[in-house]
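Report on the structure given below.
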There are 2 protein chains.
Amino acid sequence: MTDTAPRPTLEAVAARAGVSRATVSRVVNGSDGVRERLAERVRRAVEELGYVPNQAARSLVTKRHDAVAVVVAEPETRVFADPFFARQLRGISKELTAHDNQLVLLLTEDRDDHARVGRYLAGGHVDGALVFSLHIDDPLPELIQRAGLPTVYGGRPDGSGGRRGAVYVDSDNRGGARDAVRHLLGLGRSRVAHITGALDQTAAVDRLDGFRDVMADADPRLVVEGDFTPAGGERAMRRLLDRCPDLDAVFAGNDLMAAGALRVLREHGRRVPDDVAVVGFDDMLPIAEQTEPPLTTVRQDIEEMGRLMARLLLRDLDGTTASDGNAGGTPSAVIFPTTLIRRASA
Amino acid sequence: MTDTAPRPTLEAVAARAGVSRATVSRVVNGSDGVRERLAERVRRAVEELGYVPNQAARSLVTKRHDAVAVVVAEPETRVFADPFFARQLRGISKELTAHDNQLVLLLTEDRDDHARVGRYLAGGHVDGALVFSLHIDDPLPELIQRAGLPTVYGGRPDGSGGRRGAVYVDSDNRGGARDAVRHLLGLGRSRVAHITGALDQTAAVDRLDGFRDVMADADPRLVVEGDFTPAGGERAMRRLLDRCPDLDAVFAGNDLMAAGALRVLREHGRRVPDDVAVVGFDDMLPIAEQTEPPLTTVRQDIEEMGRLMARLLLRDLDGTTASDGNAGGTPSAVIFPTTLIRRASA
DNA sequence: GCCACGGGCGAGAGCGCTCTCGGATCACGT
DNA sequence: ACGTGATCCGAGAGCGCTCTCGCCCGTGGC
């Protein structure tokens with residue numbers, strides 16, 4: 001009960017099958033050049049002994065770990081209030097396990113964590129990394145780049161650090177924002193306000209840019225900075241109502257803030273969408289469906305983005321192993337389209 | 001750029017410091033018995049070379065991986081619609097990294113995945129496992145037990161498989177349910193209905209039991225099975241209104257279903273809480289705060305539960321390494337208390 | 001001044017695997 | 001019958017580390 005039964009080794013299997021270690025290895029790893037008769041005998045021995053290869057020993061020689069790190073750098077709030085993260089993880093997980101890779105999750109909160117994560121990634125425990133939710137000026141990309149670890153970013157990383165070559169997957173935040181605002185305009189609204197996300201994240205900046213693309217000459221007081229939380233949405237909405245009581249539409253940087261805004265609007269007796277139309281971003285379920293009224297919002301295919309990130313990384317990994325590096329057609333960025341989901345709020 | 005610089009080995013550090021591998025190993029692993037002068041020289045060499053130990057080589061001999069698996073067995077729905085999962089992960093992650101352990105995430109959806117996960121766990125890649133969201137009759141515990149891997153379950157596992165010894169952490173679902181129902185009764189309600197969760201999960205069963213503890217002689221038509229989703233909550237609510245139009249309170253098995261129920265009630269012109277009081281379970285944010293009206297619900301300390309799971313597992317791991325196994329005072333179950341959060345819905 | 005003792009250090013084996021290389025074996029052509 | 005490849009398999013080295021031994025040197029007791 002207490003002792004773990006000593007696991008059988010290649011040697012043991014070899015002995016039982018009456019062959020050499022090398023042959024067993026060949027069979028186990030599916031390389032050809034073993035006569036069927038022998039292979040069969042080996043397979044039986046494996047079966048009987050319940051042999052499972054020791055991964056540590058294997059990667060000691062192959063220098064491959066068949067594992068990739070997923071790094072989520074998020075100081076609490078956003079990721080954990082929302083299924084976004086979970087969805088993307090799921091996409092990644094699917095893709096990874098389909099290629100027999102393991103997923104090592106690294107959650108970070110503060111700066112100390114970053115150092116730790118940097119060390120871990122540099123330590124060669126994993127073959128590559130998938131990195132999320134970077135804030136502008138995050139030191140992590142720098143560390144990773146120095147470690148020389150193949151990496152794909154989720155969301156456009158901040159361009160400041162000369163990380164021009166970085167591969168990333170993002171949704172078309174700017175285009176989605178434009179669609180949202182145009183939709184509002186199409187509804188006949190003219191005083192369209194925008195509650196931005198935390199502007200130290202590129203997604204928030206890009207959405208703001210999209211807003212400005214369409215509302216180039218808007219009253220600057222119609223833009224208020226939020227922080228992606230419901231409470232932030234409420235604060236921002238109050239401020240907007242205060243400064244521009246005549247607004248007739250709000251585009252919120254995400255659904256959480258939109259939900260907060262909705263509450264404040266109700267509180268102030270503004271009817272949605274009659275008096276003020278509201279559009280969110282993310283189509284974060286179940287929130288977007290459960291607000292009163294249900295939220296018109298911009299959807300992105302989160303899970304697929306996750307899958308793609310994983311796929312790009314794996315491709316890079318194989319490429320590196322195979323021959324000349326990653327020049328072989330790996331795109332440096334993939335932008336996913338967004339779609340406007342019409343519900344009742346706008 | 002393409003080639004990963006060959007990482008320095010113990011040997012290299014030893015050469016540079018003019019000592020033997022053994023000494024470097026001693027210094028790196030913090031064991032004493034090395035004179036300060038030498039230790040210092042070694043440390044400098046490590047620094048200069050940027051040496052990081054090769055984990056694979058190390059675990060090959062130590063048989064320790066300093067990694068634990070987190071297994072989430074969930075066919076889509078629940079876990080991913082809710083931050084529950086993320087919170088718990090965060091708790092686990094904190095505790096694990098505090099003890100220099102890595103978190104290997106295994107997400108499973110279907111039966112094939114289970115086999116794969118079973119193989120992985122049996123493969124000795126990790127030192128232990130944290131397992132979540134089991135459904136009744138899940139084959140996983142059986143597989144894990146056979147693999148002899150130290151394991152802690154999140155949520156009471158189904159008792160059927162003779163897994164009496166299983167260590168688990170759960171919240172007091174039954175007690176929480178009792179509190180919720182008593183609260184409703186305290187409000188003067190008498191026709192209290194219950195929308196259960198998916199009854200193939202022990203949490204749903206326990207909450208139902210709690211409901212019955214208080215409502216022993218209730219009209220059986222007041223209990224309807226749901227599935228933990230908003231849509232399921234809506235369906236169940238419709239059915240309840242149909243069968244028992246005179247109900248004056250609803251206790252939903254979780255907040256998502258409560259949100260669905262709220263919508264149906266509104267649709268039918270029932271005012272909450274005036275006509276019908278509603279209580280949920282989980283205090284799933286931001287949903288619970290964003291419903292109309294905000295939801296009275298039963299809160300559990302998710303993150304702390306995660307931490308504790310990790311702590312129990314690590315303790316077990318150390319115990320096993322140390323001497324005689326886990327008899328040294330590890331509890332076989334820890335039940336967390338719940339607290340009723342009063343908002344506007346009841 | 002000699003021996004016993006103990007602490008600090010190095011030599012070397014070995015963890016379980018992969019992979020190269022060369023030896024056996026066999027079919028075939030001459 | 002013999003050489004010639006091609007094919008299949010085994011021997012053995014070596015991946016980077018830990019850990020046991022035993023050597024060496026310094027210290028103390030007589």
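Throughout, a chain's letter reflects where its sequence line sits, starting with A, and its residues are numbered from 1.
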Among [options], find the nucleotide with the atom closest to the side chain of [X].
{"X": "B/Ala22", "options": "C/dA11, C/dC9, D/dG16", "answer": "C/dA11"}
{"X": "B/Ala57", "options": "D/dG16, D/dC9, C/dG10", "answer": "D/dG16"}
{"X": "A/Arg21", "options": "D/dG10, C/dG10, C/dT18", "answer": "C/dT18"}
{"X": "A/Lys63", "options": "D/dC15, C/dG10, C/dC17", "answer": "D/dC15"}
{"X": "B/Ser25", "options": "D/dG10, D/dT18, C/dC17", "answer": "D/dT18"}
{"X": "B/Asn54", "options": "D/dC17, C/dC9, D/dT18", "answer": "D/dC17"}
{"X": "A/Thr62", "options": "D/dC9, C/dC19, C/dC9", "answer": "C/dC19"}
{"X": "A/Val61", "options": "D/dT18, D/dC15, C/dC9", "answer": "D/dC15"}
{"X": "B/Thr23", "options": "C/dC9, D/dC17, C/dG16", "answer": "C/dC9"}

**Message:** If you assign each of A/Arg26 and A/Leu60 to its closest nucleotide in DNA chain D, which residue comes earlier from the 5' end?
**Reply:** A/Arg26

How long is the line joining [atom1] of [X] and [atom2] of [N], in whole Å?
{"X": "A/His125", "N": "D/dC17", "atom1": "NE2", "atom2": "C1'", "result": "13 Å"}
{"X": "B/Leu38", "N": "C/dG8", "atom1": "CG", "atom2": "P", "result": "11 Å"}
{"X": "A/Glu11", "N": "C/dT18", "atom1": "CD", "atom2": "P", "result": "13 Å"}
{"X": "A/Leu10", "N": "C/dC15", "atom1": "CG", "atom2": "P", "result": "13 Å"}
{"X": "A/Arg64", "N": "D/dG16", "atom1": "CZ", "atom2": "C1'", "result": "19 Å"}
{"X": "A/Arg37", "N": "C/dT25", "atom1": "CZ", "atom2": "C1'", "result": "14 Å"}
{"X": "B/His65", "N": "C/dG16", "atom1": "NE2", "atom2": "P", "result": "11 Å"}
{"X": "A/Gln55", "N": "C/dC17", "atom1": "CD", "atom2": "P", "result": "10 Å"}

Is the shortest distance from a Lys or Arg side-chain nitrogen in [X] or [Y] to a carboxylate oxygen in the other one below 4.0 Å?
{"X": "A/Arg90", "Y": "A/Glu303", "value": "no"}
{"X": "B/Arg311", "Y": "B/Asp316", "value": "no"}
{"X": "B/Glu40", "Y": "B/Arg43", "value": "yes"}

**Request:** Ignoring hydrogens and angles, tell me if any N or O in the side chain of A/His65 forms a donor-acceptor pair with the backbone of A/Gly124 under 3.5 Å.
**Result:** yes

Taking only side-chain N and O atoms of [X], does any of them lie within less than 4.0 angstrom of OP1 or OP2 on [N]?
{"X": "B/Arg35", "N": "C/dC9", "value": "yes"}
{"X": "B/Arg58", "N": "D/dT18", "value": "yes"}
{"X": "B/Thr9", "N": "D/dG16", "value": "no"}

**Complete:** Closest heavy-atom pair, B/Leu149 versus B/Ala129, reported as atoms and distance to 0.1 Å, is CD2-CB, 4.0 Å

**Request:** With DNA chain C as reference, determine whether B/Ser20 or A/Ala56 sits nearer its 5' end, using the nearest nucleotide of each.
**Result:** B/Ser20

**Prompt:** Near B/Glu36 CD, under 6.0 Å, is it more than 12 heavy atoms from other residues, nucleotides or ligands?
**Reply:** yes

